[in-house]
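Data first, discussion second: the structure below is written as structure tokens.
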Amino acid sequence: MTRPEIGLADIQAARSRIAPHIVPLRITPSASLSRQFDKEILLAHEYLQTTGAFKLRGAMNSVLQLEPGTTGVTAVSTGNHGRALAYSARQAGVPCIICMSELVPQNKLEAIRALGAETRIFGKSQDEAEVEAKRLVNEEGYTMIPPFEHPHVIAGQGTLGLEMLEQVPDLDTVLVQLSGGGLVSGIALAIKLQKPDVRIVAISMERGCAMYASQQAGKPVEVEELPTLADSLGGGIGLDNRLTFGIVHDYVDQLVLLGEEEIADGIRHAYFNEQVILEGGGAVGIGALLAGKVTPGNKTIVLLSGKNIDMELHRKIVNHEDYEL
Ligand SMILES: *Cc1c(COP(=O)(O)O)cnc(C)c1O
């Protein structure tokens, strides 16, 4: 089960490389969840990261290892990766063009522009937006920094696993969100290469989880992209996926899918019981516990991966009002 592309040393190197640019992970006990499940449940508050989501770790680790002489960086993004890359590029003084589909919420698009990057809206899916990004690479000398399928990105996200294990050496279960799988791949490698018995549970939404469908099929497949509260978990894994499909297969113990109401429950619990504002994707760990779809271990860390939600949508969810996506 070793993967030469990304080892523990790569993740450790990523950690020193990005340390000056990132906010360390904050982990706190959840009194309400620990009481409810009669187990020790801890929350990992990565939504506190600069740009509001963990993706800064992978993006920064990639930008800090760019080939000299590159024109700039580009990416296809549902929002948080684009935002992270824009921030990283500005830090490194590199031009940045973010390509995205029409499904991206307005608040995320504006946040990327505010970070000084150029934005290009292209098509109705990540795959269509990718055509433009590839053109920038082939015709204008940009370097594509993908949101998950790259060793530097996975190693960057894996730094979260190092911080979890360092702060909670006796953790036995980790709940991580899943989309393209860069996040859970990095965390699973960082933890299991040191403690193989820790259980890694990956959580996504029922409405269009390409990694789940791919694992079922035994190879990368496409699924229809559907509007979901967990918009940051949307998108395909790439039919030519070489990295995260295999790492998820080998290192993730359980895949769990949530319905929209279960995701909304996670957002509401975070708000009313933890005083935390989360985006849908950030809240699926809590949602999975509340839905009874994951049994907590004796010491469980629930990753809260991002907070970039439209606040009007958030208000409607916590008030149980009808909402449109
Ligand atoms: C991108 C993202 C994820 C999923 O990460 P993958 O590496 O694509 O699996 C989870 N939560 C948030 C907030 C994200 O932005």
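Note that ligands are numbered from 1 as they come in the structure, with each ligand's atoms numbered from 1 the same way. Excluded from the calculations below are hydrogen atoms, water molecules and symmetry mates; all remaining heavy atoms, backbone and side chain alike, are included.
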What atoms of ligand 1 come within less than 4.0 Å of a heavy atom belonging to Gly180?
6 (P), 8 (O), 9 (O)
Donor-acceptor contact below 3.5 Å, side chain Gln49 vs main chain Val23:
yes
Is it true that Glu130 and Lys134 make a salt bridge, defined as a side-chain N closer than 4.0 Å to a carboxylate O?
yes
Are any of the N or O atoms of Gly282 closer than 3.5 Å to those of ligand 1?
no
Quick one: does Val184 get within less than 4.0 Å of ligand 1, heavy atoms only?
no
Is the shortest distance from a Lys or Arg side-chain nitrogen in Glu324 or Lys316 to a carboxylate oxygen in the other one below 4.0 Å?
no
Would you mind telling me if ligand 1 is within reach of the side chain of Glu279, the backbone, both or neither, using heavy atoms under 4.0 Å?
side chain
Any Lys/Arg nitrogen of Lys192 or Asp250 sitting under 4.0 Å from an Asp/Glu carboxylate oxygen of the other?
no
Within a distance under 4.0 Å of any heavy atom of Gln177, pick out the atoms of ligand 1 and give their elements.
10 (C), 11 (N)
Go through the steps to decide whether Asn273 and Ile286 satisfy the test side chain to side chain contact (heavy atoms under 4.5 Å, CB included), and finish with yes or no.
CA-CA 11 Å; Asn273 300 83; Ile286 296 177; over 6 Å; no
Any atoms of ligand 1 less than 4.0 Å from a non-hydrogen atom of Asn80? List them with their elements.
13 (C), 14 (C), 15 (O)
Can you name the atoms of ligand 1, numbered from 1 with element, that are less than 4.0 Å from a heavy atom of Gly181?
6 (P), 7 (O), 8 (O), 9 (O)
With heavy atoms and a 4.0 Å threshold, my read on which part of Leu183 contacts ligand 1 is both
Answer yes or no: is there a donor N or O on one side and an acceptor on the other, between the side chain of Asn80 and the main chain of Lys55, under 3.5 Å?
no
Heavy-atom contacts under 4.0 Å between Met211 and ligand 1: side chain, backbone, both, or neither?
neither
Please could you name the atoms of ligand 1 that Ser232 approaches to less than 4.0 Å, counting only its heavy atoms?
1 (C), 2 (C), 12 (C), 13 (C), 14 (C), 15 (O)
Any ion pair linking Asp170 and Lys299 (charged N to carboxylate O, less than 4.0 Å)?
yes
Residues in side-chain contact (heavy atoms from CB on, under 4.5 Å) contact with Arg120, at least two apart in sequence or another chain
Ile97, Cys99, Glu118, Glu132, Arg135, Leu136
Proximal atoms of ligand 1 relative to Leu178 (non-hydrogen, under 4.0 Å)
9 (O)
Are Tyr47 and His45, when compared by the centres of their aromatic rings, separated by less than 6.0 Å?
yes
For ligand 1, indicate whether the residue Leu233 contacts it via side chain, backbone, both or neither (heavy-atom separation under 4.0 Å).
side chain
Please could you name the atoms of ligand 1 that Gly306 approaches to less than 4.0 Å, counting only its heavy atoms?
13 (C)
Pull out every atom of ligand 1 sitting under 4.0 Å from any heavy atom of Phe54, numbered as shown with elements.
1 (C), 2 (C), 3 (C), 5 (O), 10 (C), 11 (N), 12 (C), 14 (C)
